[in-house]
Amino acid sequence: MLEELEKLFSGIKTADSLNGLDVNTHHWFRLEDGEIVGLPANQLNERELALLHHLGSPITIPTGSSTDTAWYQLLHGDKLTAELKENPLYAFGCRFIFFTIEGHIKPEVFREAMDSLTDHPLAYIWFTKHTGVLVESRQAEAILYEEVVDMLMYDLSVPIRLFVSPWLHSVKDASEQYEWLLAAYRQVSSQSAKHVLHFHDAVPQLVSMLLPEIDRQYIMHHILQGLNEDEELLRTVRMYFSCNQNLTLTAKKLYIHRNSLNYRLDKLTEKTGLDIRKFQDAFALYLALHNLP
């Protein structure tokens, strides 16, 4: 990949380690083969920079606390330091919160807003001016991001999207887990309408992405049976899933009587052969819906 980049950009630098990287003049990336490459900042536009973030892992140098630096080093291939291994803050594990800020905001302002949500310090690693990852330690009271994201966006006046990883039991395997979760975040973050997306919510989408396109199309065709052409029924099914399969709440959200909802679900069974009130049928339909354009 380096040879291809050298054909497009002049002044590319390479490095053997993270020490002494000039982050003022170059954007640094770790390529798939592990090579550290710096591309001149004055030769990259926003579109090219966004593309490079999908081709390699961006490297930024933390400017916050020593804990930020320790996490940064661990997630970029260095050994687990005693500062993290022996830190009682992470005695019960941690999780990653990948974030995307759809606007301009100073890192220190974002940090202050996030730190106000918890009594326990978060670690911050920035990928770009708009994206990065937080490391949250596992405490008795975890941050409920669904409850605070609206407040955050109101206070900061910018849209924010979060991808919340599962809890990791130990920091020992954090580096290995991080690489996989980062790849998952890159695949699903731009395709979700939710401001807070948990890993378990993204599993059907990730499963679909593992399949070849032709397989996804066959699954969608055989499961939906033309459901995508019935806007009212499709809207009903999506509302049913968004209400966690609660019939009463679904009827309320749709402004219809519960009997009317049951009628629609019976109509769905006639059309697709699936009873959405059964787990296996609901999962198959939920998976198929993720393949709709």
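Since this is a predicted model, take the numbers as computed values, not measurements. By convention here, the first residue in the shown sequence is residue 1.
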N87 CG to C94 SG distance, which is reported to the nearest 0.5 Å: 10.5 Å

4.5 Å side-chain heavy-atom contact, R95 and V164: yes

same_hphob_cluster(V207, V188) at 4.5 Å side-chain heavy-atom cutoff: yes

Check: A113 main-chain N/O paired with S116 side-chain donor or acceptor under 3.5 Å: yes

Same apolar cluster: V109 and M114, side chain cutoff 4.5 Å: yes

Side-chain donor or acceptor of Q225 paired with backbone N/O of H222 under 3.5 Å: yes

Contact check, side chains of L84 and L89, non-hydrogen atoms, under 4.5 Å: no

Where A282 and Q245 come nearest, the two heavy atoms and their spacing: CB-NE2, 3.6 Å

Least distance between heavy atoms, K267 atom then D230 atom: NZ-OD2, 3.4 Å

Minimum side-chain heavy-atom gap H26-V37 below 4.5 Å: no

pair D201-F199: side-chain heavy atoms closer than 4.5 Å: no

CZ on R186 to CZ on F98, rounded to 0.5 Å: 9.0 Å

Check: H169 side chain, G93 main-chain N or O, donor-acceptor pair, under 3.5 Å: no

Donor-acceptor side-chain pairing of N259 and R264 below 3.5 angstrom: no

Sidechain N-carboxylate O distance under 4.0 Å for K271, D266: no

N246 to L249 - nearest heavy-atom pair and separation: OD1-N, 2.9 Å

R161 side chain reached by E102 side chain, heavy atoms, under 4.5 Å: yes

Residues L289, L234; criterion side-chain contact (heavy atoms from CB on, under 4.5 Å); working and verdict: CA-CA 9 Å; L289 287 177; L234 185 61; 3.6 Å; yes

Linked, directly or transitively: M151 and V196 (ILVMFWY side chains, under 4.5 Å): yes

Heavy-atom side-chain contact between V237 and L285 under 4.5 Å: yes

Gap between atom CG of N228 and atom NE2 of H221 - 0.5 Å precision: 10.0 Å

Aromatic contact, F163 with F96 (centres under 6.0 Å): no

With sequence neighbours excluded, residues passing salt bridge (Lys or Arg N to Asp or Glu O under 4.0 Å) with E141: none

Nearest-0.5 Å distance, CG of residue L254 to NE2 of residue H257: 13.5 Å

Ring-ring centroid check W180 Y185, cutoff 6.0 Å: no

Separation of H130 NE2 from I160 CD1 (nearest 0.5 Å): 13.0 Å

Intermediate values then yes/no, side-chain contact (heavy atoms from CB on, under 4.5 Å), L261 and L247: CA-CA 8 Å; L261 175 59; L247 290 171; 3.8 Å; yes

Pair S208-R216, side-chain donor/acceptor within less than 3.5 Å: no

Nearest heavy-atom neighbours spanning K85 and V171: CA-CG2, 4.4 Å

Steps toward side-chain contact (heavy atoms from CB on, under 4.5 Å) verdict (L268, D275): CA-CA 8 Å; L268 173 69; D275 185 349; over 6 Å; no

Validation row, ring centre W71 to ring centre Y90 under 6.0 Å: yes

Side-chain donor-acceptor contact under 3.5 Å, S137 with Q139: yes

Parallel, tilted or perpendicular, as decided by the 30° and 60° cut-offs, for the rings of Y286 and F241: perpendicular

Y178-S165 side chain donor-acceptor pair, cut-off 3.5 Å: no

hydrophobic_cluster_shared for I256 and L265, side chain cutoff 4.5 Å: yes

Heavy atoms of other groups near R235 CZ, more than 12 under 6.0 Å: no

Minimum-distance pair of heavy atoms, taken over all atoms of L274 and T269: O-OG1, 2.9 Å

Full working for side-chain contact (heavy atoms from CB on, under 4.5 Å) between V135 and L122: CA-CA 6 Å; V135 185; L122 300 165; over 6 Å; no

Heavy-atom pair with the smallest gap, counting every atom of A174 and L75: O-CD2, 4.2 Å

Value rounded to 0.5 Å, distance of CD1 in I223 from CG in L287: 8.0 Å

Student check: side-chain heavy atoms of V158 and H104 closer than 4.5 Å: no

Side-chain heavy atoms of I276 within contact of D281, under 4.5 Å: no

Same apolar cluster (I L V M F W Y, side chains within < 4.5 Å links), L134/F92: no

Residue pair E136 / Y145, side-chain donor-acceptor N/O under 3.5 Å: yes

Exam field: side chain D68 to backbone A123, donor-acceptor pair closer than 3.5 Å: no

